[in-house]
Amino acid sequence: MASHSSSPVPHPSSGGSEGIFRKDRDPSSRQYRPVHSLPDVCPKEPTGEATRGLCEGPSVVADQHRWTVYNSKVNLPAALNDPRLAKRESDFFTKSWGLDFAETEVMPSFYLPNITKEHFGPYLQETAQREKIHERCKNICPNKDELDAVSTHIIFRSGFQNEYLPNVWLKQIFMKPDFALDDPTTFNAVLPWSHFNSAGRKSSRDMASSRLLQEKLSHYLDVVEVSIARQISLRSEAFFHAMSSQHELQDRLTETARAVAVLRGRTAAIERIMCEGPLRALRQALTRSNCARLHNKLKLMAAVHQSQPTVQLLLSTSEFVGALELIATTKEVLQQELQGIHSFRHLGSQLCEMEKLIDKMMVEDFSMYSRSDLSRSLEDDGQVMEKDRLESLVFGLLRQRKLDFLDIYSDEMILAAKSIVTQSVVDSVSQIEEIDTDIVTKLADQMRLMTFPQWFELLKSVFENFILFLKRIKATLSVVRNVVLEALDSNQKSRLLERAAAGGLAEAPGTPLNQGEAELAYLTHEGLFISDALNDAQLHLGAGGGQEQSSTVGPRQALSRLDGCGSDSASGTTESSSSREHAFQPGGAAGISSSEDMMPSDLELGRVANNIQELLYTASDVSHDRCVKVLMARAKDGSLERLSSAEFVFLSQAVEGFVKDTEELCCRRSVSLRGALQSQANRFVHRFHEERKTKLSLLLDNERWKQAEVPAEFQDLVNSIADGRITLPERKPQGTEERKPSDYLHIDGQKYAVVGTVLLLIRIFLEYCQCVNDIPSISTDMLTRLSDLLKHFNSRSCQLVLGAGALQVVGLKTITTKNLALASRCLQLVVHYIPVIRAHFETKLTPKQYSVLRHFDHITKDYSDHIAEISAKLVSIMDSMFEKVLSKYEVKAPMPSACFRNVCKQMAKMHEALYELLPEEQAQMLFLRINASLKIHLKRQLARLGVHHDGGPQHGLVTVDVAFYTENVQSLRTLEKLDLNMAEIWEQKR
């Protein structure tokens, strides 16, 4: 037939290149191809293989006369008796469950009761009697099978002798359903050999029995033939009707087969004329699509193959970020699109090793960068060295989760701080010829050999270098912080965009595709699933295929782009910035798929940002610690304690300035340098105080307690204090006009006659105040020492004047009233300045330290008591004189008496001694007290003499003496208006 030679659809040729196993009629023309797997009957997601299987499957119409896969059959016994199985399954249905299937015990149901033998007790009791009856009947009456066997045996044994039982015998033997001669009982029944002699001898009886058996079997054959003929005759009409119907059916089947052959021929012609061309076009389009996919795959493989040289090229230009992005993208391509390719089986592990190598290289490069940045000259500009390189390194380290890179910077920072001090000392020593570096090798010894000005210049140089050093560190850490904050911001933006994208995809309705567009997408799609093709077609129809493709960058495009960028070695810095921006970009594949997984979390990035600030604090602390080393190296031999107050003030100001600059720069209040300065300040204060206390003691021990002239500079000093300037005046240059000294110190309109020690005391406590101004941190200590100094002056002056210690120390003959008045006036001058000193110190103290101001209250009280004691001493001097003179007083002429003349003379001497020393009010009060003492002694003497206020002669004489005394006293300066009230010398009459 024509259809037998037609080629199968959709292959036009009959060669062996169609991929179908054919079985031709001619065995010599058979061609074999590898058998394809059966195609899916109704694939939901047909792939390229499935599409080719659908097109190349055997056709029922074209391959009707050839052997196809549809002619294959399965031999069930062969399947059951599979020799490859280790054992035979007891249950055939377990074959489909696998070789490892093991029957398990079914757990009993929790809803059924546990049945035991006791549950059947009542039933067994009821049926026990019936069972006994059944057993008894079973033994009496045998079963049907036993009866049949017995009857058959009887018939067999009697069949040869009874000729009237052939039909019965035939029915029971030959008509049995299980008739089989291999059964010994049946064989013996049909051929009763037991009737023959088994000894081997043929007797006449045996011959007769064999002839009888032969005749009987012949008779049975005849009976069977007669029965068959009778049955045929009975059914002859039906038999002939069936035969005629069979011939008619064969004719109709022949016509039907001919019509089917014609139909198949026409169908094959239609297929050849109308279907082969379009199918060939579709197949070629599919082949072209597969070739394009293969070409793209090969290009992708070529790009992946070039990834290692590209990574090495990027590493040669220190483009670690680009290299890491290329490695991540290559890994993603290997896992997604090139998975299972044999030639790339080792590439993944090689990329992992390269990534570990890049980690080490980045750590080493960052260490080298930190070392070179911190060790370069401090005189360079404050710009960050190689900012792009630093940003690339920091982002690469963050991407690889190397979050301990700040520890590397911290270690290099400590080494750089040490080298700054060393270099500063070396530079300073090189300019000093007196120091031989060959003999004195240690830096601390070299610093101690310097003079204070030389060492102070060295210290200021160290301070300046550390300020520049901290500015450089702050600028570098600011760049690092910006990178960390940029990464943190990128993480947050990527999460927001992912949420927005997820929400947009969930809410977008999607544009439906018509049938033609779906078929076109199916034939030209390069992916694995038809749903991807339909989604891509929808995207192309919805937005023209432009923005969607640009917004979603696959690993293949990312690899091509990184490969292209990495091959350009001339764009080093630009590549670093662009790759870093691409990694930060939330829409990029590297930013979402790989970098988001590799980048640290927000918590880790926040911790890194805090560590950056802590590192700046550490830099400030390290700088202060190194400066403390310089300070303590100088103070080891006590040279700082021997500084003058001006030199120590300079040192304190320099340290305070450096501390304030570092606080403003690093926002950190470091305490190490301040603590070292405070320790030195305490030693300085102790030495400062001891020097001035010793000096004051020497001055007091050499003081002769005579009124001293007041130089003009001291008058200017007290004038500046009056104006509110509690500081030492600047030294005037020599050559200025010298002014004559004054006899008194004029303060607030009062004149103070003082000794030279008090003038120096004023300058001393101003030095204390000046130190507090320059070194506020020592205010409390200095206040305590100043109060001790004032107490020492008070107690020592009391010992020398009131205690008459000056007689032995200085060699005075006696302590005069003038000495006492000068001491009192000096004490009053100190008391005048105590509130001023207190107010000054109060401005330097914190409210919590105000309690130490109570020392001034105690000092004021002590000084006031001392002044009162001096006044009492002056009164007691006159009192003892009055007692001695008036005890010899007699009321007799001439008048005025010698006694009162002597009293007036002593009063005039006292006034002369005190007039120019004490102010008018104090003098008046003192003479009123002296006058009161006189009246007491006079009154006592008059009472002893029995002189009364009776107007008698004695009363008149006493009145003349009293008038003389009053006139003399009131004639003294400042005492003219003094009310002596001499009437109190008379006793009042009762």
Side-chain angles (χ1 to χ4, degrees), residues 707 751 753 802 814-825 867-990:
Q707 183 177 359
K751 297 187 302 181
L802 284 179
T814 181
I815 301 298
T816 63
T817 56
K818 197 169 186 178
N819 297 139
L820 293 172
L822 276 175
S824 176
R825 198 59 176 157
I867 295 170
E869 289 179 3
I870 293 176
S871 298
K873 183 64 175 177
L874 292 173
V875 174
S876 66
I877 291 174
M878 296 301 294
D879 183 76
S880 61
M881 186 270 300
F882 290 152
E883 183 179 6
K884 180 180 180 181
V885 173
L886 291 178
S887 63
K888 300 176 181 180
Y889 176 64
E890 295 179 356
V891 183
K892 62 182 180 179
M895 291 296 164
S897 64
C899 181
F900 268 90
R901 289 180 184 274
N902 190 14
V903 167
C904 290
K905 181 179 178 181
Q906 295 298 329
M907 291 286 287
K909 288 182 178 180
M910 174 69 73
H911 180 268
E912 183 180 2
L914 302 179
Y915 167 71
E916 295 180 351
L917 300 179
L918 298 179
E920 182 178 352
E921 295 80 6
Q922 291 185 19
Q924 291 177 357
M925 293 298 298
L926 179 61
F927 275 94
L928 284 177
R929 294 178 60 186
I930 293 173
N931 181 61
S933 175
L934 173 69
K935 289 190 290 184
I936 292 173
H937 288 285
L938 181 58
K939 183 177 180 181
R940 185 180 300 122
Q941 183 64 21
L942 292 176
R944 183 182 306 114
L945 295 176
V947 180
H948 301 286
H949 188 268
D950 53 0
Q954 290 184 342
H955 175 264
L957 294 175
V958 172
T959 302
V960 173
D961 284 337
V962 170
F964 175 77
Y965 166 77
T966 303
E967 182 181 1
N968 277 276
V969 171
Q970 290 181 349
S971 65
L972 300 176
R973 292 183 181 182
T974 69
L975 300 180
E976 293 87 355
K977 299 180 180 180
L978 190 65
D979 186 10
L980 299 179
N981 194 13
M982 296 303 294
E984 294 180 356
I985 62 174
W986 306 107
E987 292 184 0
Q988 299 295 331
K989 292 182 180 181
R990 297 179 181 178

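Heads up: numbering here begins at 1 and tracks the sequence. Computed from heavy atoms alone, side chains included, the values below leave out hydrogens, waters and symmetry copies.
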Run the side-chain donor-acceptor check on residues 955-962: report pairs under 3.5 Å with partners two or more places apart or on a different chain.
residue : atom : partner : partner atom : Å
His955  : NE2  : His949  : NE2          : 3.2
Thr959  : OG1  : His955  : O            : 2.6
Asp961  : OD1  : Ser897  : N            : 2.8
Asp961  : OD2  : Tyr889  : OH           : 2.7
Asp961  : OD2  : Ser897  : OG           : 3.0

Determine all donor-acceptor pairs shorter than 3.5 Å in which one atom belongs to a side chain in residues 972-979; sequence neighbours excluded.
residue : atom : partner : partner atom : Å
Arg973  : NH1  : Tyr915  : OH           : 3.4
Glu976  : OE1  : Thr974  : N            : 3.1
Asp979  : OD1  : Asn981  : N            : 3.4

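Within a 6.0 Å radius of CD in Glu920, other residues, nucleotides and ligands contribute more than 12 heavy atoms.
Nearest heavy atom pair, residue Gln707 against residue Leu917, reads OE1-CD2, 3.8 Å. Counting all heavy atoms, side chain and backbone alike, Ile867 lies closest to Ser824 at CG2-OG, 3.6 Å. Here the closest non-hydrogen pair linking Glu890 and Leu945 is CA-CD1, 4.3 Å. Scanning both residues, Gln954 and Val891, for their nearest heavy atoms gives O-CG1, 3.4 Å. Residues Ile870 and Leu820 approach most closely at CG2-O, 3.2 Å, considering heavy atoms.
Here the CG-CD1 distance, from Leu938 to Ile985, works out to 4.5 Å after rounding to the nearest 0.5 Å. In this structure, CD in Gln906 is found 11.0 Å from CD1 in Ile877, a value given to the nearest 0.5 Å. A distance of 9.5 Å separates CG of Leu942 from NE2 of His948, quoted to the nearest 0.5 Å. Taken to the nearest 0.5 Å, the CZ atom of Arg944 stands 7.5 Å off from the OG atom of Ser887. The CG atom of Leu928 sits 8.0 Å away from the NZ atom of Lys935 when rounded to the nearest 0.5 Å. For the atom pair Leu934 CG and Lys939 NZ, the distance stands at 13.0 Å (nearest 0.5 Å).
Every residue two or more places apart in sequence or in another chain that forms a side chain to side chain donor-acceptor pair (under 3.5 Å) with Arg940 is listed here: His937. Applying the salt bridge (Lys or Arg N to Asp or Glu O under 4.0 Å) rule to Lys818 yields no partners; only residues at least two apart in sequence or on another chain are considered. Contacts of Gln922 classified as side chain to side chain donor-acceptor pair (under 3.5 Å), with partners at least two apart in sequence or in another chain: Gln828. Under the side-chain contact (heavy atoms from CB on, under 4.5 Å) criterion, Met907 pairs with Met878, Phe882, Val903, Phe927, Ile930, Tyr965, Val969, sequence neighbours left out.
For the pair Val885/Phe900, no side-chain contact is recorded, criterion being any heavy-atom separation below 4.5 Å from C-beta on. By the 4.5 Å heavy-atom criterion applied to side chains, Pro919 and Arg825 are counted as neighbours. At least one side-chain heavy atom of Asn931 sits under 4.5 Å from a side-chain heavy atom of Met982. A 4.5 Å side-chain heavy-atom check between Arg901 and Phe964 finds at least one atom pair inside the cut-off. Put simply, the side chain of Ser871 reaches to within 4.5 Å of the side chain of Arg929, judged on heavy atoms.
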Could you go through Leu914 and Leu874, starting from their C-alpha distance and side-chain angles, then the distance that decides it, and tell me whether this counts as side-chain contact (heavy atoms from CB on, under 4.5 Å)? CA-CA 10 Å; Leu914 302 179; Leu874 292 173; 4.2 Å; yes
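Distance alone, capped at 3.5 Å, is enough to place a donor-acceptor pair between the Ser971 side chain and the Asn968 backbone. Checked by atom type and distance alone, the side chain of Ser876 never pairs as donor or acceptor with a backbone atom of Asp879 at under 3.5 Å.
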